[in-house]
Amino acid sequence: MKYIKKHAVFIFFLIEALAIGIFQTLGNTDKLWNYVFAENIASGLLPYRDFNLLQTPFSCLVNALFLTLFGHHMVVVEILGSVLFTLICMRLYRLCRELGATRVTSMIIPQLFLYLFCYNVFFEYSCLILFLLLCLLGADLMALRRQRTCWNRPGYQVALGVAAGLAILSKQT
């Protein structure tokens with residue numbers, strides 16, 4: 001019970017994102033498009049050589065990894081997207097809390113995000129970029145709050161650079 005209470009916000013966002021992601025219709029053909037890219041990579045084809053790929057391949061590689069591990073099914077991409085949307089909502093919630101919002105008002109922005117992009121709940125490049133940028137924003141806020149002492153930790157700036165690089169490797173060209 002203590003565990004559920006501690007992670008209630010995460011569980012709430014996860015259930016909501018799963019309900020939106022799994023039970024949506026295939027009205028957004030980008031989901032099918034990204035699934036096929038990941039399916040091709042999971043089947044051993046190389047992007048740009050064996051098939052055309054519009055975006056840079058990082059988000060497709062992540063999808064391909066999970067398709068390889070859990071089976072070549074669209075529901076894997078939908079669940080992975082639901083987890084990504086949950087992580088975005090949690091970052092938004094935490095950033096609101098760090099900026100001084102109450103628990104209740106901190107729920108508004110993540111809820112708006114879920115409802116505004118409910119047609120787009122799957123693992124794709126623009127939301128992966130958003131998640132990585134929110135993580136970088138959180139790191140900047142942490143550095144400001146701690147009077148920049150965390151900047152001196154070994155590897156901190158490298159980790160931020162890697163996150164920014166992964167965002168670039170996920171963008172649509």
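L99 and I108 are members of different hydrophobic clusters when ILVMFWY side chains are connected at heavy-atom separations under 4.5 Å. L116 and Y93 fall within a single hydrophobic cluster, where Ile, Leu, Val, Met, Phe, Trp and Tyr are joined by side-chain heavy atoms under 4.5 Å apart, directly or via other members. Criterion: ILVMFWY side-chain heavy atoms under 4.5 Å apart, direct or through other members. Under it, F70 and V75 are part of a common hydrophobic cluster. In the hydrophobic clustering of this structure, W33 groups with Y48; members are Ile, Leu, Val, Met, Phe, Trp, Tyr whose side-chain heavy atoms approach within less than 4.5 Å, directly or through other members. Note: the hydrophobic cluster containing V104 does not contain M90 (ILVMFWY, side chain heavy atoms under 4.5 Å, direct or indirect links).
In terms of modelled atom types and a separation under 3.5 Å, the side chain of Y35 and the main chain of H72 share a donor-acceptor contact.
Considering only heavy atoms from C-beta on, L136 stays 4.5 Å or farther from L132 through its side chain. A heavy-atom distance below 4.5 Å is found between the side chains of M107 and V9. A 4.5 Å side-chain heavy-atom check between F85 and F113 finds at least one atom pair inside the cut-off. Within the 4.5 Å cutoff, side-chain heavy atoms of M74 are placed close to those of L32. Between P47 and N40, every side-chain heavy-atom pair lies at or beyond the 4.5 Å cut-off. Counting heavy atoms from C-beta outward, L80 and N63 have side chains that approach closer than 4.5 Å. Side-chain contact check for F23 versus L18: every heavy-atom pair is 4.5 Å or farther apart. Side-chain contact between V77 and N34 is absent, with no heavy atoms from C-beta onward closer than 4.5 Å.
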Open item on the list: Please evaluate residues L87 and F10 with respect to the criterion side chain to side chain contact (heavy atoms under 4.5 Å, CB included), reporting the C-alpha separation (whole Å), side-chain torsions for both, the decisive distance (0.1 Å), and the verdict.
Closed with: CA-CA 8 Å; L87 293 173; F10 179 83; 4.3 Å; yes

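We find the CG-NE2 distance between L14 and H7 to be 12.5 Å, quoted to the nearest 0.5 Å.
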